[in-house]
Amino acid sequence: MGPSITTTIKLPNATTPGATIPAIGLGTWQSPAEQVTDAVAYALSEAGYLHIDCALAYENEKAVKEGLKKSGVKREDIFITSKVWSTYLERVEECVDKILENLGIDYIDLLLIHWPIALNPNGNHPLFPTTPDGKFDIDHNHDLSKTWKAFEDVQKKGKTKHIGVSNFSEYTLLKILPTATIKPAVNQIELHPYLPQWKLLKYLESEGIVPQAYSPLGSTNSPILKDDVIVELAQKYGAEPAQIVIGWFGRSQSHFVPSFTKSMAKNIIVLPKSVTPSRILTNSKPANLSAEDIAKIDALSDNPEKAKRFIKPPWGVKVGFEDWDLA
Ligand code: A2P
């Protein structure tokens, strides 16, 4: 079966046994504050979403709060993720308290380190400090394992149910895993048919870390939704291109083609962003693709002209992704 809006995925590293997360969540990055309130309210109350993905650095969490309220859906029925921004890696609890206040909630379901990059907390901007030459003002001496320890502490205090990371490669995960007493429940990364990150998915599976896909459609003005293979499959299934792409993420064991070793990508949490009600509804009903059609989408990134990372902030330091290593 492909994913549906009611599908949940187990979190093997969760400290509460049997904990799950809804497989589809509404992304809110780049959602303007004046639109995200209605988008969140519509997703929760009309389209059946029970999972909203937020971050302090999206600078729209107060508007998300209004959407949560407007939906009328009970807090305990909603899975809320937020992320600690890079200028707060040495002030984790302060950031968490700000997030709780912004969202009007008294616990987060899942708290992530937004990027494995520390920015100067005392720089020329509270979120995006730069040096005089216009580059990001990076704190090169920061120890990520200390941030992870602070994450473990806020979880123990009950301010978040689960903890995880975002934009971590195997290289950066190895900066926290050796000393972690609680393993990350998830790693939220850019994932889509043009960037399937097979090797990293395999590593995450071996560590029990569940992948979450951001920019699953390929972000703003995505070429993926216009790709010939995706458009052809949309016609075949009588679906929208976005439903084909979202369906590709939820392949289950039954979809495995034994000789096709790349078919690792299963049980991936997918976070399509939209502020358009009709699209929010469309995205809640992914296509249930055949193994053969999944393999067709798997093959897209074999074409070097298509393989592409869309979200690549110019950090200027090693992040350790196979296709993106500036060191
Ligand atoms: P909008 O928010 O204006 O509806 P991603 O999730 O990969 O970041 O992609 C988000 C982008 O894709 C946004 O520009 C969003 O537009 C657009 N989008 C979301 N859902 C659909 C859909 N079903 N069909 C076409 N475009 C979509």
Side-chain angles (χ1 to χ4, degrees), residues 2-5 21-44 46-49 51-55 57-61 63-64 67 79 81-83 112 114-115 166-167 186-197 211-250 265 268-289 297 300-301 306-313:
S4 88
I5 199 71
I21 179 168
I24 300 177
L26 181 73
T28 62
W29 180 44
Q30 295 179 321
S31 298
E34 61 280 11
Q35 289 176 308
V36 80
T37 297
D38 284 345
V40 167
Y42 178 83
L44 293 171
E46 305 287 334
Y49 288 64
H51 178 180
I52 309 290
D53 184 75
C54 314
Y58 299 167
E59 299 184 278
N60 58 7
E61 286 188 324
V64 170
F79 192 102
T81 299
S82 189
K83 312 183 189 86
L112 308 180
H114 203 147
W115 282 91
S166 180
N167 295 299
V186 312
N187 184 15
Q188 185 178 128
I189 48 180
E190 180 181 340
L191 275 181
H192 44 67
Y194 286 4
L195 189 70
Q197 308 213 58
Q212 287 189 309
Y214 75 72
S215 298
L217 305 174
S219 203
T220 315
N221 297 322
S222 173
I224 302 174
L225 299 180
K226 299 183 198 106
D227 187 288
D228 289 347
V229 169
I230 301 292
V231 170
E232 199 179 294
L233 289 174
Q235 280 158 3
K236 173 174 167 181
Y237 285 84
E240 299 271 332
Q243 291 169 301
I244 302 298
V245 175
I246 297 168
W248 172 76
F249 282 96
I268 295 174
I269 297 157
V270 54
L271 305 167
K273 172 266 176 186
S274 179
V275 289
T276 315
S278 58
R279 289 173 169 176
I280 292 172
L281 188 61
T282 298
N283 297 346
S284 75
K285 299 173 184 169
N288 192 7
L289 302 172
I297 302 175
L300 289 179
S301 61
K306 289 191 177 173
K308 191 166 168 49
R309 182 181 291 273
F310 294 104
I311 313 303
K312 228 170 148 175

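When a ligand or atom number is given, it counts from 1 through the structure's own listing order.
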Sequence-distant partners of Phe310, ring pair (Phe, Tyr, Trp, His ring centres under 6.0 Å), two or more places apart:
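Here the qualifying residues are His192.
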Out of curiosity, is Pro216 lining ligand 1, as in a heavy atom under 4.0 Å away?
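Right, Pro216 reaches ligand 1.
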Ser222 heavy atom under 4.0 Å from ligand 1:
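Ser222 does not count as a contact of ligand 1 under the 4.0 Å cut-off.
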Checking a contact table here: which protein heavy atom is nearest [atom], and how many Å away?
{"atom": "atom 2 (O) of ligand 1", "result": "Lys273 NZ, 2.8 Å"}
{"atom": "atom 17 (C) of ligand 1", "result": "Arg279 NH1, 3.9 Å"}
{"atom": "atom 9 (O) of ligand 1", "result": "Ser219 CA, 3.6 Å"}
{"atom": "atom 14 (O) of ligand 1", "result": "Thr220 CA, 3.8 Å"}
{"atom": "atom 23 (N) of ligand 1", "result": "Asn283 OD1, 2.9 Å"}

Give a yes or no answer on whether the side chain of Ser222 reaches the backbone of Leu217 with a donor-acceptor pair at less than 3.5 Å.
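Checked: pair present.
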Hey, is the main chain of Gly238 close enough, under 3.5 Å, to the side chain of Gln243 for a donor-acceptor pair?
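Pair absent, no side-chain N/O of Gln243 close to backbone of Gly238.
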Heavy atoms only, cut-off 4.0 Å: how does Ala242 contact ligand 1, side chain, backbone, both, or neither?
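The part of Ala242 near ligand 1 is the side chain, not the backbone.
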What part of Ile280 sits under 4.0 Å from ligand 1 if we count only heavy atoms: the side chain, the backbone, both or neither?
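It is neither; nothing of Ile280 touches ligand 1.
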Might you confirm whether atom CD of Gln30 has over 12 heavy atoms from other residues, nucleotides or ligands at distances under 6.0 Å?
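Yes - once you tally the heavy atoms of other residues, nucleotides and ligands closer than 6.0 Å, there are more than 12.
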Report yes if some N/O of [X] lies less than 3.5 Å from some N/O of ligand 1; otherwise report no.
{"X": "Leu225", "answer": "no"}
{"X": "Gly218", "answer": "yes"}
{"X": "Asn221", "answer": "no"}

Going by the order shown, which atoms of ligand 1 are within less than 4.0 Å of some heavy atom of Pro272?
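This gives 6 (O) as the contact atoms.
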Under a 4.0 angstrom heavy-atom cut-off, which atoms of ligand 1 come close to Thr276?
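Every atom of ligand 1 under 4.0 Å from some heavy atom of Thr276: 1 (P), 3 (O), 4 (O).
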Which value, rounded to the nearest 0.5 Å, describes the distance between Ile269 atom CD1 and Asn187 atom CG?
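Separation between the atoms: 11.0 Å.
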Can you tell me how far OH of Tyr194 sits from CG of Leu300, rounded to the nearest 0.5 angstrom?
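Output value for this atom pair is 6.0 Å.
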State which residues pass salt bridge (charged side-chain N to carboxylate O under 4.0 Å, His left out) with Lys83; sequence neighbours excluded, sorted by chain then number.
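Partners of Lys83 under the salt bridge (charged side-chain N to carboxylate O under 4.0 Å, His left out) test: Asp53.
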Will you find, in the side chains of Tyr214 and Asn167, an N or O donor that is under 3.5 Å from an N or O acceptor?
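Yes, side-chain donor-acceptor contact under 3.5 Å.
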Report the relative orientation of the aromatic rings in His114 and Tyr58; use parallel for angles under 30°, tilted for 30 to 60°, perpendicular for over 60°.
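Ring orientation of His114 relative to Tyr58: perpendicular.
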